[in-house]
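Following: one structure in structure tokens, then a few remarks.
Reminder, nothing fancy here: chain letters follow the sequence lines and each chain counts from 1. Note that the structure is predicted; figures quoted are calculated from it, not measured.
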Amino acid sequence: MTGYIEKKHTFRSWVIEKLFMGKTIKEYLKGLITPFNFVAALILLVGVPVSVYRFTQGIGPSTNLSDNNPWGLWIGFDVLAGVALAAGGFVMGTAVYLFGLKEYHPTVRPAVLTGFLGYFFVVVGLCFDLGRPWRLPYPMFVSVGVTSVLLLVGWHVALYLATQFVEFCPALFEWLGLKNFRKWVIKLTVGATIFGAILSTLHQSALGALFLLTPGKLHPLWYSSFLPVFFLISAIVAGISMVIFESMLSHRVFGNRINHQGVDFDKLTLGLGKAAAIGLFAYFALKWVGVAHDNRWDLLNTPLGHWFLVEVFIFVFFPCLLFTWAVRKSNAALVRFASIITVIGIIINRINVAIVGLNWNLEDRYFPHWMEFAVTITIITVGVLTFRWIVNRMPVLYEHPEYKEIDQ
Amino acid sequence: MEISRRKFLKSISAASGASLVSKSQFAHGAERFTGWPERFGILTDITRCVGCRSCEAACNEINKLPAPKIPFEDQSVFEKIRRTDAQIYTVVNRYPNPKPGGPAVYVKKQCMHCDEPACASACLVKAFKKTQEGPVIYNKDVCIGCRYCMTACPFYVPAYEYDEPFKPEVKKCTMCFERISKDGIPACVEACPMEAMTFGKRSDLIRVARKRVIEQPDIYIDHIYGEHEIGGTSWLYISGVPFEKIGFRMDLGTTPYAELTKGFLGAVPLVLILWPAFLIGVYMFTRRRQEMVETEAENFEIEEDQQ
């Protein structure tokens, strides 16, 4: 009987320690009342019923998708932009574990977590868009269409999700105090990083390659046989920019949780800015090779051509200059600003390829239904809440005191 | 069943002989698929169509589709250009004749049944299949509803049952696959009172089309639409007015869409094999350098101690 009470007691303290961050339930609930949570609750209050509506009434009533425009916001933003912005995990993992840039180690865990959650919520978003989401495993096991670029995307996203989970496991096991598991899983780090880099190279470019099948539909300034390369390079830059952006947010929001002794985050930010500048410049140059290759200079002086120029100059070349300038002047704040413009630019690019530029010559143009926006915003909100929940509990932004200095 | 020794040997030698003969001495390394040889097709002669929409009615009936919003006899549908959708697998559109004073031109639109279909190349669950008979058919039992086929189709043909929440399907013309596999002909062809459509072996239809074009150059323009467009289609058209004036796209080229992603897919195994080799190399290099730095530091410390 005493044993039972003891056991119950330890379970209770475990729950309080691990899930409620050492607070009593009353304290914990009280702590939840914040302006941010209020906004999040409002979003969910709309988003949850809209999601129910989507899955009970179908895609038709809840979107503006049509036979001419079968892909919209959920593919253009949730999937294409989502995957690109979640590239930070693979970029930082490769830099630290394979290229030996160890000083960037503190950025790896948040980047891997962002990557894992990013991909996870990409799949959630995809489930809204698919006509029969419960058949998601079909391309893997039931009927395999090997001629499809989308098959490659499907397989790789699934495998990469698993890989990123393995990469995040050390933090999970440290939190749970499972030392042996952690020891075992940490040995997989280099292998998982290599595997993740291969998968990312292929599926980031494959998302661009999806549109190789749309030469008659996608605006010639965005259609290019280089689309796979565009998508890969811009995803690398997007990943780096997201790491910069997210480390800035983390410092503002979770400042008290960040405890990396002797780490100069401004210096890391500047280093990442340098990488972003080089990547953006390469991307900028490639974009022009694309235009030259198809020789469609004439289209630049049309409304969509002007929009293309805005994308390439204001959202690629301008942040490239900003990064360069900021690195020269050692101005970390400017690097952070440039990273925000870059992230917006990559989102605009994916929207341009999937929505604005697609079916540009059709009268029947698509603009998202309000419910499509509601679902997208809801998914982002749930993603942010999940990120916060994990960061508040697991050693992501700080090193776990018991595991410091080992396995480095 | 018993097979005699003699019969067995005979069949073996016949088979090996056949394989020797059939392989040309000049076999090309990567042969391109040029379509099933015996495939059927349909030739639509646009000059004969009068816009009676009998084909639409027949298609509606044979596929058990819901009654149309505007009756088949009602000419008001021609006021705007329509496309196929989940309940209409074929539409007839009216275009003004580009020749002044000429009669209006009616064009039937449906799935083109490409020889190498973009939809089939796009589909990640092999839901689309180009049959040996010619039709491109769809298997609803594996479709996950990603609608990449619709994005890929250059003719804007496949349609989706957006309003069906639980069992949505992609819908399009089947070229009456069931009927033609039982030696029948497609319902629309059968229904046409003007014989505007001819059903037959595609190779024969090309000959028929060419004959008409050559013999009556004052009626037809010199182009068989679908003969070469995106690698060839089973549905062919001949017309008296330029195709670009009556809703046909002339910018699609002659490359089958499957070729467009071949290069990328071909590079995938290269990345899968070379990327790990390269990355492991980089990792080894980094580690070696680190070890060197560490030993140098140790040596330096030892030297300092000795001094």
Interchain contact, A:F195 with chain B, by part (heavy-atom threshold 4.5 Å): neither
Chain B interface, residue from A:S143, A:P215, A:G191 that has the most non-hydrogen pairs under 4.5 Å: A:S143
Among the listed options B:A118, B:A120, B:C143, the residue most often paired with chain A at heavy-atom distances under 4.5 Å: B:C143
Where A:L150 and B:C146 come nearest, the two heavy atoms and their spacing: CD2-SG, 3.5 Å
A:L358 versus chain B, the contacting section by heavy-atom distance below 4.5 Å: side chain
Heavy-atom pair with the smallest gap, counting every atom of A:P139 and B:I144: CD-CG2, 4.1 Å
Pair listing, side-chain hydrogen bond (donor to acceptor under 3.5 Å, both in side chains) test, anchored in residues 138-153 of chain B, at least two apart: A:D129-B:R147
Heavy-atom pair count under 4.5 Å with chain B, highest-scoring of A:Y97, A:F55, A:F99: A:F99
Contacting region of B:Q290 [heavy-atom separation from chain A under 4.5 Å]: side chain
Atom group of B:D163 that falls short of 4.5 Å from chain A, counting heavy atoms: both
Chain B contact via A:V190 - side chain, backbone, both or neither, heavy atoms under 4.5 Å: side chain
Separation of B:S121 OG from A:L212 CG (nearest 0.5 Å): 10.0 Å
Under 4.5 Å from any heavy atom of chain A - which part of B:A127: neither
Toward chain A, the part of B:C123 with a non-hydrogen atom under 4.5 Å: backbone
Set of residues satisfying side chain to side chain donor-acceptor pair (under 3.5 Å) with respect to B:Y106, sequence neighbours excluded: none
Rounded distance (nearest 0.5 Å) linking atom OG1 of B:T261 with atom CG of A:L152: 11.0 Å
Exam field: side chain A:S148 to backbone B:A122, donor-acceptor pair closer than 3.5 Å: yes
Chain B contact via A:V149 - which portion, at a heavy-atom distance below 4.5 Å: both
A:S205 portion near chain B, given a 4.5 angstrom heavy-atom threshold: both
Gap separating the OG1 atom of B:T84 from the CG atom of A:D67, nearest 0.5 angstrom: 7.0 Å
B:M250 atom CE, neighbour heavy-atom count above 12 within 6.0 Å: yes
Shortest non-hydrogen contact from A:T147 toward B:L265: O-CD1, 3.3 Å
Option that, when pairs with chain B are counted at under 4.5 Å, heavy atom only, ranks first among A:T201, A:D364, A:L218: A:T201
Contact winner vs chain B - A:T193, A:L126, A:L202, heavy-atom pairs under 4.5 Å: A:L202
A:L362 portion near chain B, given a 4.5 angstrom heavy-atom threshold: side chain
Pairs of heavy atoms under 4.5 Å with chain A: top-ranked of B:E164, B:E169, B:R249: B:R249
Contact winner vs chain B - A:G131, A:A209, A:G154, heavy-atom pairs under 4.5 Å: A:G131
Per-residue contact mode, B:L260 against chain A (heavy atom under 4.5 angstrom): both
Side chain / backbone / both / neither for B:F166 at chain A, heavy atoms under 4.5 Å: both
Sequence-distant partners of A:Y53, ring pair (Phe, Tyr, Trp, His ring centres under 6.0 Å), two or more places apart: none
Side chain / backbone / both / neither for A:N359 at chain B, heavy atoms under 4.5 Å: both
For chain A, the option from B:Y160, B:Y156, B:W275, B:Y257 that forms the most heavy-atom pairs under 4.5 Å: B:Y156
Top contributor to chain B contacts, counting heavy-atom pairs under 4.5 Å, from A:G100, A:P70, A:S66: A:P70
Structural part of B:A86 lying under 4.5 Å from a heavy atom of chain A: backbone
Heavy atoms from other residues, nucleotides or ligands near CD of B:E244 exceed 12 (cutoff 6.0 Å): yes
Closest non-hydrogen atom pair, A:N69 against B:Y162: O-OH, 4.3 Å
Rounded distance (nearest 0.5 Å) linking atom NZ of A:K217 with atom SG of B:C153: 6.0 Å
Max heavy-atom pair count under 4.5 Å with chain A, selected residue of B:G263, B:A159, B:P154: B:A159
Distance (rounded to the nearest 0.5 Å) between B:D251 CG and A:N361 CG: 8.0 Å
B:V282 versus A:L98, closest heavy-atom pair with distance: CG1-O, 3.4 Å
Heavy-atom closest contact (A:I194 atom, B:I280 atom, distance): CD1-CG1, 3.5 Å
Close approach to chain B in residues 220-234 of chain A, criterion heavy atom under 4.5 Å: A:Y223, A:P228
